[in-house]
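For reference, the structure is listed below as C-alpha cells.
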Amino acid sequence: MTVVVITGTGTEVGKTVTTAAVAAAALRAGRSVAVLKAAQTGVGPAEPGDAAEVARLAGAVTAEEVARYPEPLAPATAARRSGREPVSPRQGAEAAAALAAEHDLVLVEGAGGLLVRFDDKGGTLADAAEQLGAPVLVVASAGLGTLNATELTARELRSRRLDLLGVVVGSWPAAPG
C-alpha cells in the first residue's frame, strides 16, 4: 500500500502521534515516507503544523500541507472565516498521489473525524480516501463514547467500501474511569 489515510473519532485523539509512529516504523524498515496534512487548522503562518510535528517526532519524512487556516475549526468553516479558498478532497487526493509517485509510503492525516467538512460542498476526508482508493487507520481516545464513535466511523468506511486497517487508542487519560 502506498497511501494510508489516518483519521480520528474526533479532535485531540492522537492522530499526529499515531502518524509519527507509523512514519517512524516505515523509516526504520527503509521506506521513504511523506506526510500530508491536507487542511491544517488552528496554527498561524509561522507556527509548525501537524506535518512538521510528525517530522520532528519521526525523523526524515517529507512534510507537506495543502492549505492552512488560523482558527481551530473544521476546515470548511476555518477557510470561510479566513476569507481563503477551502481545500477540496480532490486537491488532497492529488497532492497525496503526487507524493506517492516519489515515496514508498504517504500518510494523509485528517482534521478531526472522517466526515469533517473540507469545503462548502460537503467534501470530506472520506471522499479523498475514496478517490485514492486508500485504506484508513482510525485513531480513537479512551473514554465514554469511544465505542460508539469508533463503530460509526467503521460503518461509514464499510459503506464506502474503504478498508479499515485498524483502530489505535491514541490518547489515554491520566486517570481513566
Side-chain angles (χ1 to χ4, degrees), residues 1 3-26 33-43 48-58 61 63-69 71-79 86-89 92-93 95-96 105-119 122-132 134-160 162-174 176-177:
M1 95 192 63
V3 179
V4 173
V5 172
I6 299 177
T7 191
T9 56
T11 60
E12 301 300 319
V13 296
K15 290 184 302 292
T16 301
V17 172
T18 300
T19 302
V22 173
V33 179
V35 175
L36 177 67
K37 184 78 173 187
Q40 175 68 65
T41 65
V43 295
D50 292 342
E53 180 66 2
V54 170
R56 184 186 76 76
L57 293 170
V61 302
E64 291 194 10
E65 297 173 353
V66 176
R68 176 180 277 231
Y69 310 106
E71 290 188 87
L73 303 166
T77 304
V87 62
S88 70
L105 177 64
V106 177
L107 302 172
V108 180
E109 182 182 333
L114 184 66
L115 298 179
V116 169
R117 294 194 175 193
F118 274 24
D119 57 28
T124 66
L125 183 65
D127 297 322
E130 277 184 308
Q131 290 172 22
L132 290 162
V136 179
L137 181 63
V138 176
V139 182
S141 63
L144 191 60
T146 293
L147 295 177
N148 183 66
T150 303
E151 178 59 25
L152 289 171
T153 301
R155 285 183 186 192
E156 182 64 22
L157 291 171
R158 282 192 301 272
S159 77
R160 292 171 180 256
L162 290 168
D163 290 332
L164 171 60
L165 288 179
V167 177
V168 174
V169 176
S171 61
W172 194 263

(request) Determine, for E65 against K37, whether the closest basic-nitrogen to carboxylate-oxygen distance falls under 4.0 angstrom. (result) no
(request) Evaluate the side-chain proximity of P89 to D119: yes if any heavy-atom separation is below 4.5 Å, no if none is. (result) yes
(message) So, taking the atom named CG in D50 and the one named CG in L36, what distance separates them when rounded to the nearest 0.5 Å?
(response) 11.5 Å
(request) Compare every heavy atom of T11 with every heavy atom of G112, then report the nearest pair and how far apart it is. (result) CA-CG2, 3.8 Å
(request) Calculate, to the nearest 0.5 Å, the distance between atoms CG and CG belonging to L147 and L152 respectively. (result) 11.0 Å
(message) Take a 6.0 Å sphere around CD of E12 and say whether it holds more than 12 heavy atoms from other residues, nucleotides or ligands.
(response) no
(message) Looking at R117, I'd like to know if its CZ atom is crowded, meaning that more than 12 non-hydrogen atoms belonging to other residues, nucleotides or ligands lie closer than 6.0 Å.
(response) no
(message) Less than 4.5 Å apart, side chain to side chain, heavy atoms only: is that true for T19 and T16?
(response) no
(message) How close do P86 and Y69 get, counting heavy atoms only, and between which atoms?
(response) CA-OH, 3.3 Å
(request) With the side chain counted from C-beta on, respond yes when D127 and R160 share a heavy-atom pair under 4.5 Å apart, and no when they do not. (result) yes
(request) Return the minimal non-hydrogen interatomic distance between A93 and Q131, and the atom names on each side. (result) CB-OE1, 3.6 Å
(request) Identify the heavy atoms of T146 and A140 that sit nearest to each other, and give their distance. (result) CG2-CB, 3.8 Å
(message) Checking the side chain of K15 only, and the main-chain atoms of T9 only, is there a donor and an acceptor separated by less than 3.5 Å?
(response) no
(message) Quick one, P48 and V43 - any side-chain contact, counting heavy atoms below 4.5 Å?
(response) no
(message) When you compare the side chain of T41 with that of L73, does any pair of heavy atoms fall below 4.5 Å?
(response) no
(message) Could you measure the distance from the CG atom of L164 to the CZ atom of R155? Nearest 0.5 Å is fine.
(response) 13.5 Å
(message) Are V5 and L125 packed together at the side-chain level, in the sense that at least one heavy-atom pair is separated by less than 4.5 angstrom?
(response) yes
(message) Return the CG to OG1 distance between L114 and T153, rounded to the nearest 0.5 Å.
(response) 6.0 Å
(message) Is there a side-chain contact between V61 and L107 in this structure, where contact means two heavy atoms from C-beta onward sitting under 4.5 Å apart?
(response) no
(message) Which heavy atom of A142 sits nearest to which heavy atom of V169, and what is that distance?
(response) CB-CG1, 3.8 Å
(request) Give the minimum heavy-atom separation between L132 and A96, together with the two atoms involved. (result) CD1-CB, 3.9 Å
